[in-house]
Amino acid sequence: MSTANRPISNNAPLVSNPKWHDHKSHGHVVQLYTEDRSLIDGLSRLVGTALIGGDSAIVIATKPHREELAQRLRTRGFDSLAASLQGRYHVLDAAETLAKFSVDGWPDAALFCDQIGGLISRAQAASEGATSHVVAFGEMVSLLWAQRKPEAAIRLEQLWNELAKTHTFSLRCAYPLAGFGGEEDTEPFLRICAEHSEVIPSESYTDLTSEEERLRNVSYLQQKAQALEAERAGRKDAQKSLQSRESELADILENALEGVQQVGPDQKVLWSNKTLLNLLGYSPEEYIGHPLAEFYVDKDLFNNYWAKLMRRVEVYDFPAEFRCKDGSVKQVVIHSNGLWENGSFVHARCFIRDVTEHKRLEQSLRVAEQQAAMGRMAAIIAHEINNPLETVTNVFYLLRDHPSLDDDARELARIANEEMTRMRHIAKQTLAFHRDSESPVPVSLRTIMDDVLHAFRHQIQSQGITVDRRIATDGLVIAYPVELRQIFINLIANALQAMPEGGKLRIHLREGSEWLKDSARAGVRINITDTGAGIPLKHHHKIFQPFFTTKADKGTGLGLWVSRGILQKLEGTIKFRCSKAGGTAATTFAVFIPTEGLSSL
Amino acid sequence: MSAEPHISTAQSGLILCIDDESAGLAVRKRVLESAGYRVETARSAQDGIRLFRSSDFDLVICDYWMRSMNGIAASREIRRINSSVPVIILSGFSQLPDESIGVADRWILKDEGPEFLLDAIHDLLKTRS
């Protein structure tokens, strides 16, 4: 037989042999089939024809195929047992036989030649016919193909062809057509066909009885191939546009205004977009895969959030605080819900909006509104007090020199007049940012500080307070002197009140720059420190609020609020700290008044 | 506050004093008289303006916050009638309003005390004469 690699259809007429199932004395034929019935039909005719004609037959097949073939031969009244006994009919299991000549899953040429060549020789010797033909059927290649080993299958086909050079037999291979369903199967399929001298199409074609029908069928198949080709191209386009849509959506998510993340059932971050990572300052490795709770400032709040998700509650406008990499805190609002599939939690989707700046503005707006309201109220109170105060002051002014009064009464009027002056002063201090000059003037903080200390000298003495005065500069600033006096009066009065049993009052005045991180403005720094009991932590955030006082009947609660207001106008700052060292508490109010970079006064 | 000593010598001049608070007005009149001034009073801006038209005053003291017409409007009207007479506006507030600029010769806050007011009057009348 010829074993030359022949193109499947180039020269041969398309319908070369209408008797598809007939036995041929030579050649290496491949049969494609859709249903086993069709395979067994052809195989039983091939084997039956050979054996009846006195030739030998070898069948290497799977167990189901062997059993069906035996059944079919019996039905057709053929006694295969006799032929077997004569050594003309050999039936072998495909897998077992394949294993006998395979080394590491690859058909070995020498073993193949030994095993199969020997078998063919024996079968040929036993044949009775004049032609001594041997007909072989094998589906070991089909097994290899089914195991996704196309190269091994092709190799085995080649070994059969090799064997045909030294042995005389005709061979039929069979493959189920369903095994070539993939697009990638086309190339090895063509190579397998090329290893055969003849290809028998599957029964949908071979079952057709007339040539005319078969030509129609070819046209039908051509059209179908064309349609499939077009569909494949369309699918490729669709896939491509799907991919590009997918990457577009991913891009939108990555660059969304809001932070987006997925959190798994183990509470770990599964994925997060760039926006969120940028907001918090983490790299993907520092954030993704970590427990989300790590990034919550308040762990109870996280637990609360998670419990809601687990109850399948849609979390909406949930306020939270996230810890950034640099230690700062971002205030956020979270929208989140869970993805549930078949009753189990898959992941949480979280949309996170940064509201830090918004909150800060809200807070400063609240403070500004509060201050404006307090200012209006202070103005009204001042007006209501100043009017009767002026009248009473004038009355005592007149009484002071009144001729109808004796010396004692006039002295009493004088004292009353002085007290009225004090009242006016207090009203002015606490209720107004009074300006005693039209525009700010150069003022020496040293002079003002000394004036104020002088005014408090009796109180300092009577409380047994020592003053540590370290003044390293004149501290010239541009301001309203009365306003500066107001600040120091408030701060020193507070310090003295904090030390009723004595202590140390430390006053530091020096040139320096602002303590804020991004500011290097030059100016004057004033520290006023007392050794009193200090400010309880719970009051720290309130002490600059108007009407906040711990001094019951002694204070208006306006001193620090007023002082800060004045400093804000001067573009200065005030802050405080409480410390404890060696059993001694110390409270320091630090004031900075800039001398440069002022926008306006 | 002024550093000048309190004026002890008797002053002369006719002052118009306008305020809608009667007690304050009466006592202020006596403070001014104690310094030697002659004083006429009005209980409203309208009355004050009428009075101003009828006599020759050397100076006007007008309260800022009055019910029917405030001190700023009154001062503008008085200056329109005779711009050579100095006007002092008195205010019970602790800060001057934004509209105060250029309206009067002096703004004085009531919490400054009588000496301050008398010094201011003295200054204004001295400049004028």
Side-chain angles (χ1 to χ4, degrees), chain A residues 372 374-404 413-414 416-439 451 480-483 485-486 558 562 565-566 569, chain B residues 1-3 6-10 17 19-37 39 41 61 63-67 70-71 88-98 100-102 104-121:
Chain A
M374 294 314 302
R376 281 194 297 277
M377 197 167 143
I380 291 163
I381 293 171
H383 185 259
E384 294 313 304
I385 288 174
N386 283 339
N387 276 325
L389 203 55
E390 186 225 3
T391 305
V392 179
T393 304
N394 285 345
V395 167
F396 283 106
Y397 172 79
L398 291 168
L399 278 178
R400 200 180 50 172
D401 298 319
H402 205 277
S404 70
R414 193 192 58 76
N417 191 40
E418 272 182 18
E419 291 302 297
M420 293 311 298
T421 309
R422 243 180 78 188
M423 270 176 70
R424 291 200 322 263
H425 183 64
I426 289 168
K428 181 177 280 201
Q429 259 196 14
T430 51
L431 293 169
F433 308 153
H434 173 69
R435 293 174 169 180
D436 53 356
S437 47
E438 290 283 314
S439 55
D451 279 356
Y480 295 97
V482 166
E483 289 186 340
R485 197 171 293 127
Q486 177 81 62
L558 294 172
V562 164
I566 295 170
K569 285 196 299 185
Chain B
M1 214 166 284
S2 169
H6 174 53
I7 303 110
S8 53
T9 50
C17 205
D19 198 330
D20 62 353
E21 288 200 24
S22 52
L25 184 63
V27 175
R28 196 176 306 128
K29 179 176 191 278
R30 292 192 54 179
V31 168
L32 299 176
E33 285 171 346
S34 79
Y37 300 107
V39 181
T41 59
I61 298 170
D63 184 41
Y64 166 55
W65 200 250
M66 292 185 292
R67 270 170 282 276
N70 75 16
I88 293 173
I89 297 183
L90 280 180
S91 172
F93 289 105
S94 300
Q95 269 178 308
L96 303 185
D98 293 341
S100 66
I101 298 156
D105 295 271
R106 288 286 170 90
W107 277 79
I108 292 179
L109 302 177
K110 286 182 178 174
D111 60 11
E112 301 286 5
E115 292 90 344
F116 193 83
L117 177 64
L118 291 173
D119 285 348
I121 295 169

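Chain letters run A, B, ... following the sequence lines, proteins first, then strands; residues in each count from 1. Worth saying up front: this structure is predicted, and the values here are computed from it rather than measured.
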Task: Non-hydrogen side-chain atoms of A:L389 and B:K110 separated by less than 4.5 Å - done: no
Open item on the list: Taking the side chain as everything from C-beta on, heavy atoms only, tell me whether A:L398 gets closer than 4.5 Å to B:V27.
Closed with: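 Answer yes - side chains close enough.
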[X] [atom1] to [Y] [atom2] distance, which is reported to the nearest 0.5 Å:
{"X": "B:L118", "Y": "A:Y397", "atom1": "CG", "atom2": "OH", "value": "4.5 Å"}
{"X": "A:H383", "Y": "B:L109", "atom1": "NE2", "atom2": "CG", "value": "11.0 Å"}
{"X": "B:D63", "Y": "A:E390", "atom1": "CG", "atom2": "CD", "value": "8.5 Å"}
{"X": "B:D111", "Y": "A:N387", "atom1": "CG", "atom2": "CG", "value": "10.5 Å"}

TODO: With a 4.5 angstrom heavy-atom cut-off, could you sort out which part of B:L90 is near chain A: side chain, backbone, both or neither?
DONE: side chain
- [ ] Could you tell me which non-hydrogen atom of B:P114 sits nearest to which non-hydrogen atom of A:T393, and how far apart they are?
- [x]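 Taking B:P114 first and A:T393 second, the nearest heavy atoms are CD-CG2, 3.8 Å.
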Open item on the list: Other residues, nucleotides and ligands only: do more than 12 of their heavy atoms fall within 6.0 Å of CZ on A:R414?
Closed with: yes
